[in-house]
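What follows is a single structure, written as structure tokens, with notes after it.
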Number of protein chains: 2
Amino acid sequence: MSLKFAILAALTERSSTGLELARRFDRSIGYFWSASHQQIYRELERLREAGLVSTVSRPGPPERGQPKEFEILPAGTSALMAWTINQDDPAPMREALFVKVRAAAALGNPGVEAAVTHDRQIHAQILSRYEEIDRRDFQDRDLDAQGRMQRLVLQAGIDLERTRIQWCDAVLTELRSQQQPNHEADASST
Amino acid sequence: MSLKFAILAALTERSSTGLELARRFDRSIGYFWSASHQQIYRELERLREAGLVSTVSRPGPPERGQPKEFEILPAGTSALMAWTINQDDPAPMREALFVKVRAAAALGNPGVEAAVTHDRQIHAQILSRYEEIDRRDFQDRDLDAQGRMQRLVLQAGIDLERTRIQWCDAVLTELRSQQQPNHEADASST
DNA sequence: TCTCGCATGTAATGTGTTACATGATTTA
DNA sequence: TAAATCATGTAACACATTACATGCGAGA
């Protein structure tokens, strides 16, 4: 439902071909919306049919294998503008790692540590990438209103990653304390 | 992919009928994995075919409209145990609100305030619910290892909601400062 | 010419959402 | 007995993921 608008937002900032869009989604746009190139091509075609974007005219006939540049049309800008103020309910939560930890708690399975450690590592990588973007694009600059808002969106990603990493650390601490229990508790198990 | 295991985890904690499961997903399980009753029925049938769960025998023939209680089988426990230690990559981010704020930044549309305010309100509600569960089930209790892990999962939800709410506040502050700009900047706009 | 990388796409499958259907039990 | 509620489902659709297909241009 939102991919359509994520693409319109991306094209508002800059016209692009399908693959360029896919790359932008892999990089900067990915910290708030991810999409594969297959999704993007399909959605671009729909947006073109709906008259919200158009292909910029190029020399030569447009064929398979030739890059096609898309730009947003006024109708697309209007649709995006209207959507931005919608009061939609947030997407329901689906966090596989939380399921794992809860299941491991029920099963008494200390092996989850591997899953949590992995998750922590991936999120630490993502955090570094965000912090690098922040340094490169926003830190030590005089930002206008748009720049400050863009930075806030990046900051949301950074906040989420930090929260996640801290939580992983708390779980790992708890797991390790269970493996080396104190003297009071657990004098007779397994 | 994970719904299957979320159901197995739920049935590990307690055998349930389809609708009871749907209710548990609406309440406590919902803070880490959400699912509709239609999904749950479909998945329970698959799990039964795969031999991971079974229906508890009941007096009378099992027919449409009659409650069917499901319990996890040893094969189900094994499958869950194995999955818990999988080092899967986290799900890609898809946050519509971030797209909205970023799009609004590009469009210069202060109307996003409505969307952000709404999102903040919903997340504040969810946070209250989590905090109530924490008070009811975990606070002022002597928790065993399983209890402490269960609480940590709830804490993850609480942390996420708090982070989100703070971020919404930061965005709202920025939006309002743009509507009432200081004297230095913006002496000639619109 | 053969391979590689770029660019655009198709097809199949899986997962989630929405709307509706069916039957049993309770209660006004 | 009629309506509401509980409980289990079916069907159609939308969206996402994975694997693969097609065509072009550059360079070995």
Side-chain angles (χ1 to χ4, degrees), chain A residues 1-8 15-26 29-30 32-50 53-56 58-70 83 88-96 99, chain B residues 1-8 11 15-27 29-30 32-50 53-56 58-70 83 88-96 99:
Chain A
M1 194 55 206
S2 306
L3 171 58
K4 163 179 175 180
F5 299 105
I7 290 177
L8 289 176
S15 296
S16 301
T17 68
L19 196 63
E20 277 165 13
L21 267 180
R23 292 215 178 97
R24 292 174 63 195
F25 270 80
D26 260 358
I29 300 177
F32 53 88
W33 199 273
S34 94
S36 64
H37 78 273
Q38 293 91 335
Q39 277 180 281
I40 290 168
Y41 284 124
R42 197 204 305 160
E43 201 62 42
L44 278 172
E45 183 51 30
R46 285 184 199 156
L47 288 169
R48 205 184 47 73
E49 282 169 14
V53 307
S54 70
T55 58
V56 178
R58 287 257 180 142
E63 282 170 26
R64 190 174 185 138
Q66 291 306 105
K68 258 191 290 186
E69 183 155 314
F70 290 85
W83 176 75
D88 302 312
D89 286 354
M93 165 104 65
R94 280 193 189 92
E95 275 291 347
V99 180
Chain B
M1 195 54 204
S2 306
L3 171 58
K4 165 180 174 179
F5 298 105
I7 290 177
L8 289 176
L11 291 179
S15 295
S16 302
T17 68
L19 198 63
E20 278 164 11
L21 268 180
R23 293 216 176 96
R24 292 174 62 196
F25 270 80
D26 261 358
R27 302 148 105 255
I29 300 176
F32 53 88
W33 199 274
S34 93
S36 66
H37 79 273
Q38 293 92 332
Q39 277 180 281
I40 290 168
Y41 284 125
R42 198 205 298 171
E43 201 62 42
L44 277 172
E45 184 52 28
R46 285 182 197 160
L47 288 169
R48 206 184 47 72
E49 281 169 12
V53 306
S54 69
T55 58
V56 178
R58 284 255 181 145
E63 282 170 25
R64 190 173 184 139
Q66 291 305 106
K68 256 192 292 186
E69 183 156 314
F70 289 84
W83 176 76
D88 301 313
D89 286 354
M93 166 105 63
R94 283 193 187 91
E95 276 291 346
V99 179

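Below, read A as the first sequence line, B as the second, and so on, with proteins coming before strands; counting in each chain starts at 1. Just so it is clear, the values below take in all heavy atoms, side chains as well, and ignore hydrogens, waters and symmetry mates.
Qualifying ring pair (Phe, Tyr, Trp, His ring centres under 6.0 Å) partners for A/Trp33, counting only residues two or more places apart in sequence or in other chains: none. Looking at residues two or more places apart in sequence or on another chain, you find a ring pair (Phe, Tyr, Trp, His ring centres under 6.0 Å) between B/Phe5 and B/Trp83. Scanning for side chain to side chain contact (heavy atoms under 4.5 Å, CB included) contacts around B/Glu45 gives B/Arg48, B/Glu49, with sequence neighbours left out. For B/Tyr41, the ring pair (Phe, Tyr, Trp, His ring centres under 6.0 Å) partners two or more places apart in sequence, or in a different chain, are B/His37. Qualifying salt bridge (charged side-chain N to carboxylate O under 4.0 Å, His left out) partners for B/Asp88, counting only residues two or more places apart in sequence or in other chains: A/Lys100.
The interatomic distance linking A/Ile40 (CD1) with D/dC15 (P) rounds to 15 Å, in whole Å. Spacing between atom CD of B/Glu45 and atom P of D/dG9 amounts to 7 Å, rounded to whole angstrom units. Between B/Leu19 atom CG and C/dT25 atom P there is a gap of 15 Å when expressed in whole angstrom units.
Here B/Tyr41 does not reach the OP1 or OP2 of D/dG9: none of its side-chain N or O atoms lies under 4.0 Å away. For C/dG9, the OP1/OP2 oxygens have a side-chain nitrogen or oxygen of A/Lys68 closer than 4.0 Å.
Side-chain atoms of A/Arg94 and B/Ser2 include no donor-acceptor pair closer than 3.5 Å.
When each of C/dG9, D/dG9, C/dC6 is scored by its nearest atom to the side-chain atoms of A/Arg23, the top-ranked nucleotide is C/dC6.
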Letter by letter from the 5' end, nucleotides 14-20 of chain C scores (B base, S sugar-phosphate only, - none; protein heavy atoms under 4.0 Å) -SBBBB-
